[in-house]
Every structure is written in structure tokens, then in C-alpha cells.
Amino acid sequence: MAQPGDEKENEGNILDGAEVFGEWRCVFRPANDSLYIMMKNVKSKRAFSNTFSKSTLDEMGFKQSTDKISKLLFEAKAGKKEELSFEVAYADKETTKAPSFDSLSRSYVKGYALFMQVAIDSSYFSADYTFKLLEQERGELDILRDIVEDMQQEMDQMKKKVTGVASWYCQCPAGTSGDLPMSGEHIKPTLDGMLTLSDNLKTITIGIPGAYKVSMELNFTSATGAAHVLNMRVNGSNVATRNGSNYGGYGLITRVLDLKKDDKVTFYTNYSYATNKQHSCFTIQKL
């Protein structure tokens, strides 16, 4: 067997496209009539590796090519075949013979090696194979690489979180009542498929389900008002109400709502004085 670290300078490239097994990233790579295995824990950042020559694999009981052994490891790790199992555990690195896997530790201790076992249990054949992987030393470059990798993963997670916003205003004369038209846009919808606006500009239909912050603000072009009402509605039911438009309008009202696909959002008033882009704002933001 080669010593751990033989391919360490290329660890970043080696892990590209690595398979995942629980908290582990796994590399099974046949090369030059040998099999390179590396397991890296995504939480602790500890990496264990070794290279197994064809003669060593023969001694372990393998008669297949390294390509077929690699395929066996991938299939066992995937856990989709009942006759195959895949386990990892720890033991002292001085352990030389394949130990009883049930006796191994599931917790890491400094100086331990990682043992990986693949077992086959079918009606016509049973066998288990244990691979001993030694811990790689970590230098400053490895620590820096791990930091960059964590940052990249956080950025990827942020990209997966889909957010968007759309905002309109109402351009209406005094005496307007009923569902208010979204006459123009403060902000065009920033997320494709998030919502649509009806042809009459009065109904907003949700396209992407999720948590939304919905706000409405209807003020007037003059300092007037009366005992009127402004409602935020989902599918015709009130979810927010402001009574009284005294002193020039209704002010800002905000709600956080769990909206489903095809939910209909409208803004209703029984009376509005004249308003325009400067004095009104209706916003829907996907969180």
C-alpha cells in the first residue's frame, strides 16, 4: 500500500465530483492497476486515504478488475441494493488485521485510522471487504481550502433560496371603490413565474408557493379622508384591514403570509380619494 498523502497535493481536484455518504465525501478511483480511496468528513474536515495495489486487492479476496471494484464500492455506498452494505468506523492505526467491524468505534480518537467495510449478502454469495484508510496531515493550504469550500457551499445554499419582489402603484380619481387596479410598476417582478397580474390589473395570482411579505399603502393627493376601509384579501377573504382614511390616507399595512400556487391577492377599498404613483404602493415580496 502507498502511504496516505501520495495524491494529497491534488486533493482539491480529487474531491471534485466526489460522491456523498452521510457526512462523508467519497472518492474511489482506479488508476494504474491500483485503487485509490479517500474519505473526507464534511464537518470535521478530516480526510483518510490509501492506495491499494492489485496484489493487495487479490490478497483481500478480490478477483475483479479495479474498475469493477470501484463500481462495487459506489453501488454499496448508494444503498440501493439490499444485498450490499457500506459502513465506516474507527480503530487504532496500528491495527493490521481486518478487525470485527462490530468491535470498532463510531467516534474518532486522535491516532485512529478509518476502516471502510463493504459487504455482500445474497442467496448465492456472501463476503465482506475491509479497507484501512490512514488520516492525512492537514497543512495551512488544506485549512484554507476547507474555508473556501465552506464559503462556496454557503453561497450555493443562498442561491438555492429563491426570492423576488414586485411593487405597483394605483393611479385613481376620487370616488374609486372596489378592487384597486395596479396601474403601474414601482418595481417589475424580479423572479420569473413568481406571480402574474390579471388583464384588468386588479388580481395578482401567485405562481410560486411559499412565504411572502405583502404590504399596502394608499394615501391621497390631498389631506382629506373619512371613515372608509382598505382591505388586503387572499381568495376574497380579508387578511388585513385598515379602518378610516382620515388625514390623507390609510398608511402602511404589512402582513407575512403563506401563499399557495394560484392564490389570488387583491386590495379592496369602499372609497378612495385621488391617488397616484407618489402616494401609493402595493408590494409582494417572496421571502
Side-chain angles (χ1 to χ4, degrees), residues 1-42 44-81 83-106 108-122 124-139 141-142 145-146 149:
M1 297 183 191
Q3 293 301 310
D6 287 353
E7 299 185 53
K8 190 166 188 298
E9 67 274 7
N10 296 318
E11 180 183 306
N13 294 330
I14 290 169
L15 283 172
D16 288 344
E19 297 282 333
V20 176
F21 173 73
E23 297 180 354
W24 296 91
R25 296 179 69 186
C26 315
V27 175
F28 313 128
R29 178 169 297 174
N32 299 324
D33 209 27
S34 63
L35 179 63
Y36 175 77
I37 299 177
M38 179 163 71
M39 302 278 289
K40 183 171 183 178
N41 190 289
V42 296
S44 69
K45 308 303 181 185
R46 296 187 187 95
F48 301 80
S49 69
N50 221 329
T51 300
F52 299 83
S53 66
K54 187 64 172 68
S55 60
T56 299
L57 295 169
D58 289 341
E59 292 174 3
M60 293 172 63
F62 286 108
K63 303 304 179 185
Q64 304 89 343
S65 68
T66 54
D67 285 331
K68 289 186 177 180
I69 297 171
S70 174
K71 184 177 180 181
L72 170 66
L73 298 180
F74 278 118
E75 290 183 351
K77 177 202 62 62
K80 295 181 180 179
K81 294 186 176 181
E83 67 270 22
L84 298 179
S85 63
F86 185 95
E87 293 185 85
V88 294
Y90 300 98
D92 191 286
K93 66 180 180 181
E94 301 303 327
T95 303
T96 55
K97 293 183 179 181
S100 168
F101 218 74
D102 291 338
S103 68
L104 300 188
S105 172
R106 269 48 181 179
Y108 172 80
V109 175
K110 187 176 181 180
Y112 272 16
L114 182 72
F115 288 81
M116 182 186 81
Q117 184 184 75
V118 174
I120 305 171
D121 186 10
S122 68
Y124 53 88
F125 181 73
S126 295
D128 57 70
Y129 307 97
T130 302
F131 299 83
K132 178 182 176 181
L133 309 180
L134 301 179
E135 185 173 4
Q136 293 183 343
E137 294 182 2
R138 297 179 72 229
L141 182 60
D142 301 303
R145 183 185 292 117
D146 289 335
E149 181 180 306

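In this chain, residues are counted from 1 in sequence order.
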_My understanding is that only residues two or more places apart in sequence, or in another chain, count here; which of them pass salt bridge (charged side-chain N to carboxylate O under 4.0 Å, His left out) with Glu83?_
none
*Under a 4.5 Å cut-off applied to non-hydrogen side-chain atoms, are Tyr112 and Thr95 in contact?*
no
*Quick one: do Lys71 and Asp67 make a salt bridge, cutoff under 4.0 Å?*
no
*Counting only N and O atoms by type, is there a donor-acceptor contact under 3.5 Å from the side chain of Ser105 to the main-chain atoms of Tyr90?*
no
*Would you call Phe52 and Ile37 a side-chain contact if the rule is heavy atoms closer than 4.5 Å?*
yes
*For the residue pair Tyr129 and Ile120, establish whether any side-chain heavy-atom pair is separated by less than 4.5 Å.*
yes
*Taking all non-hydrogen atoms of both residues into account, name the closest pair between Ala76 and Phe86 and its distance.*
O-CB, 3.4 Å
*Can you tell me how far the CG atom of Leu35 sits from the CG atom of Leu57, to the nearest 0.5 Å?*
6.0 Å
*For residues Phe62 and Leu72, determine if any side-chain heavy atom of one lies less than 4.5 Å from a side-chain heavy atom of the other.*
yes
_Min side-chain heavy-atom separation Leu133-Val88 under 4.5 Å_ = no
*Any side-chain heavy-atom pair from Lys77 and Trp24 closer than 4.5 angstrom?*
no
*Could you pull out the closest heavy-atom pair between Leu84 and Glu75, with the gap in Å?*
CD1-CB, 3.9 Å
*Rounded to the nearest 0.5 Å, what's the gap from CZ on Arg25 to CE on Met38? Could you check?*
8.5 Å
*asked:* Could you go through Leu114 and Asn41, starting from their C-alpha distance and side-chain angles, then the distance that decides it, and tell me whether this counts as side-chain contact (heavy atoms from CB on, under 4.5 Å)?
replied: CA-CA 11 Å; Leu114 182 72; Asn41 190 289; over 6 Å; no
*Got a salt bridge between Arg106 and Glu87, using NZ or NE/NH1/NH2 to carboxylate O under 4.0 Å?*
yes
*Distance in Å, Lys63 NZ paired with Ile69 CD1, rounded so as to fall on 0.5 Å steps*: 10.5 Å
_Spacing of Arg46 atom CZ and Lys110 atom NZ [to the nearest 0.5 Å]_ = 10.0 Å
*Just wondering, are more than 12 heavy atoms of other shown residues or ligands nearer than 6.0 Å to NZ in Lys93?*
no
*Side chains of Glu135 and Tyr108: closer than 4.5 Å at any heavy-atom pair?*
yes
_Distance flag, aromatic centroids of Phe115 and Phe101, threshold under 6.0 Å_ = no
*What pair of heavy atoms forms the shortest contact from Ala91 to Leu104, and how long is it?*
CB-CD2, 3.6 Å
_4.5 Å side-chain heavy-atom contact, Lys132 and Leu134_ = yes
*CZ/Arg29 to OG1/Thr66 distance, rounded to the nearest 0.5 angstrom?*
12.5 Å
_Once rounded to the nearest 0.5 Å, what's the spacing between atom CD of Gln117 and atom OG of Ser100?_
8.5 Å
_Shortest non-hydrogen contact between Ser126 and Ser122, atoms and distance_ = OG-O, 3.9 Å
